[in-house]
A.B. asks: 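To start, I am sharing the structure in question, which I have written as structure tokens.
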Amino acid sequence: MPRFVIFDLFHTLVHGADDERDRVVAEMAAIVGVEPAALVRAYHATWRQRLVGWDAEQTVRILAERLGSSPSRARLARAAALRVDLARRLLSSAPPATLDLLDSLRAAGYRLGLVSNATAESAQAWADCPLATRFDAAVFSCELGVAKPDPRIYLAAVEALGAGPGDCVYVGDGADGELTAAAALGMTVFRTTEHNDTDPSWPGAVVATLADLPRLLPTRQCGW
Ligand SMILES: [Mg+2]
């Protein structure tokens, strides 16, 4: 009987580090010659474009130009490198208990997928992070060109796992309406509050820590 669990990434497997992201963007502003708060606002205002298109260097170029600066390519590269470094740090910050959970699920026969609304630097950092080898499939919005809650991003992971949506459990903090969309596809959904209480209105099951997940997963006896 196939058993599949699909996870969100930020605020689910690793902390989303929203404050740290803003701090890094402010540091980048100094490199490309724009006002830090204005660049932070510009990053926030363009999150959808960054999730499905622009890469790290393209983003800082476009936004710096919109704010009236024309930084050199060398400065753009230096600024973008800070975002890439941040992505590497974040993706390497999964708690040991989370890595143990993933290992125990795989040992129990589950196949694991990742569906992440992520910018290009996160997808780039994925291959070298400790999470990557624990997953059978990983789908990033920046690579697919669509983001959650669009059903196509879930179905890309489902297909890569060789599953059907109804065979899958989905676990996420609830950003971007991801839980409702996963449930609409027929997945069994758990909201996690381990890193952030993102979607308190979610009426379904909640886990305070991912370590609680195994005892809540459907068993073969109840229909898997
Ligand atoms: Mg999330």
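Numbers here are sequence positions counted from 1. For ligands, and for the atoms within them, numbers begin at 1 and follow the listed sequence.
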A.B. asks: Ion pair present between Arg191 and Asp197, side-chain N to carboxylate O less than 4.0 angstrom?
C.D. replies: yes
A.B. asks: With the side chain counted from C-beta on, respond yes when Leu210 and Thr192 share a heavy-atom pair under 4.5 Å apart, and no when they do not.
C.D. replies: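 A side-chain contact exists here, since the closest heavy-atom pair is under 4.5 Å.
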A.B. asks: Which residues satisfy the side chain to side chain contact (heavy atoms under 4.5 Å, CB included) test with Glu159, sequence neighbours excluded?
C.D. replies: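 Glu159 satisfies side chain to side chain contact (heavy atoms under 4.5 Å, CB included) with no other residue.
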A.B. asks: Does the side chain of Leu90 reach to within under 4.5 Å of the side chain of Leu86, using non-hydrogen atoms?
C.D. replies: yes
A.B. asks: What protein N/O/S atoms lie closer than 2.8 Å to the Mg ion (ligand 1)?
C.D. replies: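 The answer, once waters are left aside, is Asp8 OD2, Phe10 O, Asp173 OD1.
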A.B. asks: Is the cationic atom of Arg111 (NZ for Lys, CZ for Arg) positioned less than 6.0 Å from the six-membered ring centroid of Phe4 and within 45 degrees of its normal?
C.D. replies: no
A.B. asks: Does the cation-pi check pass for Arg106 over Phe135, that is, NZ or CZ under 6.0 Å from the six-membered ring centre and within 45° of its axis?
C.D. replies: no
